[in-house]
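What follows is one structure encoded as structure tokens, with my remarks underneath.
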Amino acid sequence: MEEHSTLQEIIENRIKKMLRFRDRGDEPYKYIFHRSSTIAEARTQFEELEKSNPENAQLGLSAQLAGRIVARREQGKSTFMDIRDESAKIQLFFGENQVGADKYETLKDYDLGDFVGASGKVRRTKRGEITLFVETFQILTKSLRSLPEKYHGLTDIETRYRQRYLDLVANPEVMDIFRKRTQMIEEIRNYLKSRGFLEVETPMLHPIPGGATARPFITHHNAYDTDLYLRIAPELYLKKLIVGGFEKVFELNRCFRNEGVDTKHNPEFTIMEMYEAYQDYIGLMDETEDMLYTVMTKVIGSEEFEYQGLKISLKRPWERIPLYEAIRNYAKIDLENTRDREEAKKIAESIGVEIKPEMGYGKIVDEVMSTKVKPHLINPTFLYDYPVEISPLAKRKRDNPALTERYQLFIGGLEVCNAFSELNDPLDQRERFLEQVKLREAGDEEAQYLDEDFLTALEVGMPPTAGLGIGIDRLAMLCTNSGSIRDVILFPLLRKI
RNA sequence: GGACGGGUAGCUCAGGCGGAAGAGCACCGGACUUUUAAUCCGGGGGCCGCGGGUUCAAGUCCCGCCCCGUCUACCA
């Protein structure tokens with residue numbers, strides 16, 4: 001026997017073992033295997049039998065199980081293996097007398113990582129471990145590569161992201177994060193559907209990127225020979241549906257923004273946007289609170305939870321503070337009584353907020369909020385009534401045209417929602433777009449485009465409407481106590497290598 | 001984009017003072033019929049991220065580049 005150990009040699013050695021299975025007529029990549037149950041079910045059934053009929057339990061419970069070999073302890077004429085399926089782990093016992101000498105000999109061709117199917121009796125070993133005492137077994141899939149280390153698991157963060165399957169194999173608790181994420185999304189869908197909202201799908205390829213201030217990804221359609229943009233938000237299409245007569249719609253899917261990557265931003269991320277006719281932002285704030293309270297307490301299982309060392313309480317009612325009042329409270333400055341950029345800049349700089357030349361009045365207010373207010377918003381807090389300059393799709397506040405009826409929700413210092421009474425005055429909307437066009441011409445690449453199709457729709461008439469957007473990934477971060485958005489995205493974007 | 005930290009065996013990590021590349025797990029061979037991070041004996045395995053430079057000698061020092069992380073900047 002030659003000796004092995006470089007990766008190449010390990011693979012070659014495993015291929016040899018795989019071929020030996022094939023030579024014996026035991027196809028190493030099986031087509032199907034009928035399990036009598038999952039491992040978790042088999043364990044539960046056995047434990048119940050132990051309680052109800054201990055004598056029968058000692059005889060064992062027949063089972064046919066399958067899983068990936070994750071540990072192996074050889075002992076001459078007996079061998080123990082641990083196999084794992086999605087539900088649980090179980091120990092297998094192979095004895096030479098029980099499976100036959102020839103068959104026992106084939107165990108040397110099994111490696112960690114292989115999938116095996118086995119049938120026999122489930123009962124306890126002398127040491128009390130629930131174990132499948134194997135009578136017959138077969139290879140289901142031969143693995144050609146060694147698994148990450150059994151004790152420390154896989155910790156290299158780059159490999160965990162690039163080869164998430166290895167992360168899941170080595171760190172099965174990671175599965176729970178993604179199960180919770182899915183559960184959370186299902187709860188949101190259930191909540192909205194049960195209240196009469198219709199889930200719809202609008203285009204991801206947009207001729208004009210709109211609905212948010214962000215740089216888009218550009219792509220090209222060959223047949224029409226035209227550039228298209230991956231959507232930065234579904235907002236404008238959803239509002240067109242309200243124009244068309246739908247009264248409660250939502251969309252929960254991916255958006256794309258061609259911007260920086262950090263612990264709170266991934267270029268593709270998931271957003272839930274909902275629109276409700278005949279509603280305004282105050283009513284929608286009530287609904288947001290009720291929906292997120294319902295969803296989060298279900299997923300987390302409690303009103304109180306910890307996020308990255310912060311203690312957060314979801315206890316209602318959630319705090320609601322006008323944006324300018326929050327700035328007065330936390331930043332100790334007043335920006336409400338000025339609309340002048342230079343004056344606002346002076347005031348902001350007086351408390352150490354850095355103001356860049358390209359920031360207008362609205363951006364200055366936003367910057368003060370982000371740096372001086374947001375970090376304090378640990379328990380769920382709504383900030384509302386934002387300056388019109390940074391809210392081009394929101395309706396002006398009914399008694400103050402300098403503000404918009406807009407709110408954002410913050411939890412654990414993360415912005416999770418953005419919502420407003422939707423601007424449905426087509427003339428005002430055109431002016432707002434024109435303001436954005438000016439900004440764009442002045443070099444602001446994130447400024448919005450004028451969208452004539454959307455204006456046409458508003459001219460047809462959109463009823464009073466309130467709309468909400470939720471950052472699903474950030475909500476998942478909160479529900480799973482994840483410090484990085486990449487921990488709640490199965491395959492986060494990394495640089496190509 | 002900037003600062004800091006990291007990249008050494010398939011995995012987890014030592015070595016960082018320039019002087020023959022290490023450990024555990026995994027792997028290969030052997031012993032063992034109740035182990036469970038099994039144990040015991042023996043063995044193999046390295047482009048030390050990549051490319052230059054300094055030096056008699058570089059994993060280690062210097063320069064450049066690539067990738068990852070955190071913070072920051074930009075940005076919802």
Side-chain angles (χ1 to χ4, degrees), chain A residues 1-14 16-17 70-82 89-99 104 108 111-113 123-131 133 143-163 166-167 169-171 211-215 232-233 255 257-267 269 271 354 356 358-359 363 366-367 369-371 374 390-391 408 410 414-418 444-446 469-471 473-474 483-487 492 494-497:
Chain A
M1 266 278 175
E2 64 244 77
E3 283 151 348
H4 299 273
S5 89
T6 65
L7 178 58
Q8 210 28 252
E9 287 166 333
I10 287 172
I11 290 174
E12 284 166 13
N13 188 41
R14 286 187 174 215
K16 282 182 195 152
K17 292 176 176 176
V70 294
R72 177 187 170 115
R73 295 173 290 281
E74 257 184 285
Q75 199 128 166
K77 294 189 166 70
S78 72
T79 295
F80 292 90
M81 286 183 188
D82 295 340
K89 272 205 304 200
I90 193 166
Q91 176 168 267
L92 305 186
F93 173 81
F94 300 82
E96 195 188 58
N97 291 341
Q98 289 77 14
V99 301
Y104 188 83
K108 71 178 192 307
D111 288 302
L112 297 186
R123 54 189 164 85
R124 284 192 193 271
T125 62
K126 285 178 207 157
R127 302 261 175 121
E129 178 81 20
I130 296 178
T131 299
F133 286 79
S143 165
L144 301 183
R145 285 175 186 263
S146 48
L147 291 180
E149 210 239 6
K150 63 180 175 187
Y151 190 57
H152 298 91
L154 180 69
T155 61
D156 182 78
I157 194 77
E158 185 174 355
T159 310
R160 291 186 50 217
Y161 292 155
R162 285 193 196 277
Q163 295 177 273
L166 288 181
D167 187 27
V169 169
N171 309 308
T213 47
R215 270 194 272 182
I232 56 176
C255 286
R257 296 185 185 177
N258 202 341
E259 286 165 357
V261 174
D262 62 31
T263 48
K264 295 171 185 66
H265 298 86
N266 194 62
F269 62 103
I271 199 167
E354 201 183 325
K356 302 237 153 52
E358 67 273 15
M359 287 181 173
K363 281 269 177 66
D366 195 42
E367 182 67 13
M369 186 277 288
S370 290
T371 56
K374 192 157 89 171
I390 49 170
S391 315
Q408 293 189 310
F410 299 85
L414 289 179
E415 177 209 322
V416 296
C417 293
N418 185 26
D444 181 353
E445 290 192 68
E446 282 90 23
I470 296 180
D473 307 280
R474 290 180 184 175
S484 169
I485 195 168
R486 294 175 167 201
D487 293 328
L494 296 185
R495 215 178 280 271
K496 194 156 60 173
I497 48 173

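What's counted below: heavy atoms across the whole structure, side chains too, no hydrogens, waters or symmetry copies. Labels below follow one simple rule: chain letters A, B, ... track the order of the sequence lines, proteins then strands, and each chain is numbered from 1.
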Side chain to side chain contact (heavy atoms under 4.5 Å, CB included) partners for [X], two or more places apart:
X: A:E354; answer: A:K356
X: A:R73; answer: A:A71, A:F80, A:D82, A:Q91
X: A:Q98; answer: A:F93

Considering only the [atom1] atoms, how many Å lie between [N] and [M], rounded to the nearest integer?
N: B:A57; M: B:A73; atom1: C1'; result: 44 Å
N: B:C25; M: B:C41; atom1: P; result: 11 Å
N: B:G46; M: B:C11; atom1: P; result: 14 Å
N: B:A58; M: B:C67; atom1: P; result: 28 Å
N: B:A9; M: B:A21; atom1: C1'; result: 10 Å
N: B:A20; M: B:U34; atom1: C1'; result: 46 Å
N: B:C63; M: B:A3; atom1: P; result: 13 Å
N: B:G49; M: B:G16; atom1: P; result: 16 Å

Between [atom2] of [N] and [atom1] of [X], the distance in whole Å:
X: A:I390; N: B:C75; atom1: CD1; atom2: P; value: 12 Å
X: A:I90; N: B:U34; atom1: CD1; atom2: P; value: 20 Å
X: A:R145; N: B:C27; atom1: CZ; atom2: P; value: 16 Å
X: A:L112; N: B:C25; atom1: CG; atom2: P; value: 13 Å

For [N], does OP1 or OP2 lie under 4.0 Å from any side-chain N or O of [X]?
X: A:R162; N: B:C68; value: yes
X: A:K356; N: B:C74; value: yes
X: A:T155; N: B:C13; value: yes
X: A:N13; N: B:C27; value: no

Report task. Using only heavy-atom distances, decide whether a donor-acceptor pair under 3.5 angstrom links the side-chain of A:D262 to the base of B:U70. Result -> no

Query - Test item: A:S146 and A:L112 side chains (from C-beta on) under 4.5 Å apart, heavy atoms - result: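 Contact flag for A:S146/A:L112 side chains = no.
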
Requested in this report: Decide yes or no for A:R145 and A:L7: does some side-chain heavy atom of the first lie under 4.5 Å from some side-chain heavy atom of the second?
Outcome: yes

Please classify the nucleic acid contact of [X] as base, sugar-phosphate, or nothing, using heavy-atom distances under 4.0 Å.
X: A:D156; value: sugar-phosphate
X: A:A214; value: sugar-phosphate
X: A:G471; value: nothing
X: A:M81; value: nothing
X: A:F269; value: nothing
X: A:T263; value: sugar-phosphate
X: A:K17; value: sugar-phosphate

Return yes if some donor-acceptor pair links the side-chain N/O of [X] with the main-chain N/O of [Y] below 3.5 Å, else return no.
X: A:D167; Y: A:Y161; result: no
X: A:T131; Y: A:F133; result: no
X: A:Q163; Y: A:L166; result: no

With a 3.5 Å limit on both atom pairs, tell me what [N] is paired to, counting Watson-Crick and G-U wobble, or say none.
N: B:C4; result: B:G69
N: B:C25; result: B:G10
N: B:U39; result: B:A31
N: B:U60; result: none

Residue list, salt bridge (Lys or Arg N to Asp or Glu O under 4.0 Å) with [X], at least two apart or on another chain:
X: A:D487; answer: none
X: A:E445; answer: A:R215
X: A:R72; answer: A:E74
X: A:D111; answer: A:R14, A:K17, A:K142

N/O-N/O pairs, protein side and nucleotides 36-38 of chain B side, under 3.5 Å:
{"residue": "B:U36", "atom": "O4'", "partner": "A:R73", "partner atom": "NE", "Å": "2.8"}
{"residue": "B:U36", "atom": "O2", "partner": "A:Q91", "partner atom": "OE1", "Å": "3.4"}
{"residue": "B:U36", "atom": "O2", "partner": "A:E129", "partner atom": "OE1", "Å": "3.4"}
{"residue": "B:U36", "atom": "N3", "partner": "A:E129", "partner atom": "OE1", "Å": "3.4"}
{"residue": "B:A37", "atom": "O3'", "partner": "A:K150", "partner atom": "NZ", "Å": "3.3"}
{"residue": "B:A38", "atom": "OP1", "partner": "A:K150", "partner atom": "NZ", "Å": "2.3"}
{"residue": "B:A38", "atom": "OP2", "partner": "A:R73", "partner atom": "NH1", "Å": "3.4"}
{"residue": "B:A38", "atom": "N7", "partner": "A:E74", "partner atom": "O", "Å": "3.3"}
{"residue": "B:A38", "atom": "N6", "partner": "A:E74", "partner atom": "O", "Å": "2.6"}

Polar pairs (N or O, both sides) under 3.5 Å between protein and nucleotides 1-9 of chain B?
none

Requested in this report: Could you tell me whether B:C17 is syn or anti, where syn means a glycosidic angle within 90 degrees of zero?
Outcome: syn

Query - Along RNA chain B (nearest heavy atom to each residue), the more 5'-positioned of A:P148 and A:K77 - result: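 Counting from the 5' end, the first nearest nucleotide belongs to A:P148.
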
